[in-house]
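Data block below; observations after.
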Amino acid sequence: MSPARKDTTVEVGGREVRVSSPDKVVFPQAGLSKLDVVQYFLSVAPGALRGAGGRPMVLKRFVKGIDQEAFFQKRVPENHPDFIDTATLHYARGTSAEEAVIRDAAGLAWVVNLGCLDLNPHPVRAEDLDHPDELRVDLDPMPGVDWSQIVDVAYVAREVLDDVGLVGWPKTSGSRGLHILVRIAPEWDFRQVRLAAETLAREVENRAPGLATARWWKEERGESVFVDFNQNAKDRTVASAYSIRPLPDARVSTPLDWGEVRVRRPEEFTALTVPARFAELGDPHEGIDDAVGSLDALLALAKELGPAEKPPRGGDGSGRRASTMPLIEIARTKTKPEALEVLEQWKAEHPDVVASLHPADTLVDGMRGSSSLWYRVRINLQHVPEDARPPQGDLLADYDPWAGRTWPGRPAD
């Protein structure tokens, strides 16, 4: 058995890109090494660049493997090659970051070498950072929702888009849901684009009550498909086309033709199967940049619908949102496996309560920390008889993602 190579180089479009630890196994179940992942992205480069090229991106780096949480790096490494462009983004909280902008297949290989599997570009071009040219519809199923319901909601969303003169381009999220991408003229700011996306979500819920929801608070959605309009807020990113998700089968966020949406399934599309599909069929989203639309009709609909319902606020003067649901929090953890382990521990201690829970009553939320996700575990007791509801107790795990960090108003640990 030959020793593992420390590094190698790949030639891409006349450029040489270094790949460190090329033999490192990234997806053990699928048998894919780091170099295999690089070669996968090169095989679908035109499609991947159609989704991520020319846009500033957050580098989501899985440097410790897919079983460990990725960390999010906004600032481009100082020693980046000259074929990596940059753009300086300014955030609402007053900070800024010079982010990477890839333009070609060599750039793809470079970010993959850093440990990026799913690419997370902003919905703006580097040449105009204030006006998105893409509206993103994220169909996020709650627990207990099957694929057929997601598909039904996708077709309702397509119908709404048709009615307001916009063209939707579907792709699997690479996880459980669907994304629908909409190219728009860069004439509206982030606030207006988010309002348009929220209006779309509300109209989808109006046409498919019970199947779809625009309710932002997770415990209020039930077993429905959440039309996640907040993915259009400034600073938000989603996995772009042809991204590999950190799942054991190396599942890919795959563009589809609308005729495929009802008959294909997300698990069919992996880093092992997508290159042959791409070579045979090309990219179903090839025409997306020629289908640029206007938000005028959606923003007119926003005025017609009126302001969205606001959540109630607590009466303690803090202004914090008060849930109308009987929620208890049971844990905060650093990783999702830890969260699921604590959840099983709680369930074992409360079998009578578990018997009354519906699938969507168990809430395991990935929360954005300073540079990575952490996890909050809550239980919605809405289906548990009041006299059988356990009270809020001490957390079974209490991870603090901000331990050791200080800022104005937060005391030092």
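Since we're looking at a predicted model, the values are computed, not measured.
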(message) Quick check for you: to the nearest 0.5 Å, what is the distance between Leu298 atom CG and Asp296 atom CG?
(response) 9.5 Å
(request) Taking Asp36 for its side chain and Ser33 for its backbone only, find out whether a donor-acceptor pair lies under 3.5 Å. (result) yes
(request) Look at the rings of His358 and His383 and say which category their plane angle falls in: under 30° parallel, 30 to 60° tilted, over 60° perpendicular. (result) parallel
(request) With rounding to the nearest 0.5 Å, note down the distance linking CG in Leu161 to CD1 in Ile180. (result) 6.5 Å
(message) With a 3.5 Å distance limit and no angle check, can you tell me whether Glu268 reaches the backbone of Arg265 through a side-chain donor-acceptor pair?
(response) yes
(request) Step through it carefully: locate the ring centre of Tyr242, locate the ring centre of Tyr40, and say whether they are under 6.0 Å apart. (result) no
(message) If the threshold is 4.0 Å, N to carboxylate O, is there a salt bridge linking Asp163 and Arg207?
(response) yes
(message) I need the Ser20 OG to Asn113 CG distance, nearest 0.5 Å.
(response) 4.0 Å
(message) Apply salt bridge (Lys or Arg N to Asp or Glu O under 4.0 Å) to residues Lys34 and Asp23 and explain how you reach the verdict.
(response) CA-CA 6 Å; Lys34 186 177 182 181; Asp23 301 319; over 6 Å; no
(message) Strictly below 4.0 Å, N to O, side chains only: are Asp228 and Arg136 in salt-bridge contact?
(response) no
(request) Check whether the side chains of Gln382 and Asp361 place a donor and an acceptor atom closer than 3.5 Å, and report yes or no. (result) yes
(message) For Ile66 versus Leu117, what's the shortest heavy-atom pair and its separation?
(response) CG2-CD1, 3.7 Å
(message) Just by distance, no angles: are the side chains of Lys171 and Ser253 close enough, under 3.5 Å, to form a donor-acceptor pair?
(response) yes
(request) Could you check Lys60 against Cys116 for side chain to side chain contact (heavy atoms under 4.5 Å, CB included), going step by step and ending with a plain yes or no? (result) CA-CA 5 Å; Lys60 184 180 178 183; Cys116 298; 5.5 Å; no
(request) Determine, step by step, whether Val10 and Leu35 satisfy the side chain to side chain contact (heavy atoms under 4.5 Å, CB included) criterion, reporting the C-alpha distance in whole Å, the side-chain angles of both residues, the deciding distance to 0.1 Å, and the verdict. (result) CA-CA 9 Å; Val10 293; Leu35 184 58; 3.8 Å; yes
(request) Please examine the side chains of Asp118 and Ile244, heavy atoms only from C-beta on, and report whether any two atoms are closer than 4.5 Å. (result) no
(message) Strictly distance-based, threshold 3.5 Å: is any side-chain N or O of His122 a donor or acceptor partner for the main-chain N or O of Val58?
(response) no
(message) Quick check: do Arg18 and Trp110 have side-chain heavy atoms less than 4.5 Å from each other?
(response) no
(request) With side chain to side chain contact (heavy atoms under 4.5 Å, CB included) as the test, would you mind laying out the steps for His179 and Leu139 before giving the verdict? (result) CA-CA 6 Å; His179 296 158; Leu139 303 183; over 6 Å; no
(request) Answer yes when Asp289 and Arg125 have at least one side-chain N-carboxylate O distance shorter than 4.0 Å, and no when they do not. (result) yes
(message) Under a 4.0 Å threshold between the charged nitrogen and the carboxylate oxygen, would Glu329 count as salt-bridged to Arg332?
(response) yes
(message) Would you say that more than 12 heavy atoms from the other residues, nucleotides or ligands in this model lie under 6.0 Å from the CD of Gln345, or not?
(response) yes
(message) Quick one, Phe62 and Pro246 - any side-chain contact, counting heavy atoms below 4.5 Å?
(response) yes
(message) Just verifying a value: how many Å separate Asn232 CG and Leu200 CG, rounded to the nearest 0.5 Å?
(response) 9.0 Å
(request) Could you tell me whether Arg55 and Asp133 have a side-chain N and a carboxylate O separated by less than 4.0 Å? (result) yes
(request) Report the C-alpha separation of Met57 and Ile102 in whole Å, then their side-chain angles, then the decisive distance to 0.1 Å, and conclude whether the side chain to side chain contact (heavy atoms under 4.5 Å, CB included) test is met. (result) CA-CA 8 Å; Met57 67 166 60; Ile102 63 173; 3.8 Å; yes
(request) Mind checking the OG1-CG spacing from Thr237 to Leu119? Nearest 0.5 Å is all I need. (result) 10.5 Å
(message) Looking at every heavy atom in both Leu166 and Ser294, which two are closest together, and how far apart are they?
(response) CD2-O, 3.3 Å
(message) So, taking the atom named OG1 in Thr362 and the one named CH2 in Trp346, what distance separates them when rounded to the nearest 0.5 Å?
(response) 7.5 Å
(request) Tell me yes or no: between the side chains of Glu98 and Thr86, is some donor less than 3.5 Å from an acceptor? (result) yes
(message) Assess whether a salt bridge exists between Lys347 and Glu341, defined as any Lys/Arg side-chain N lying under 4.0 Å from an Asp/Glu carboxylate O.
(response) no
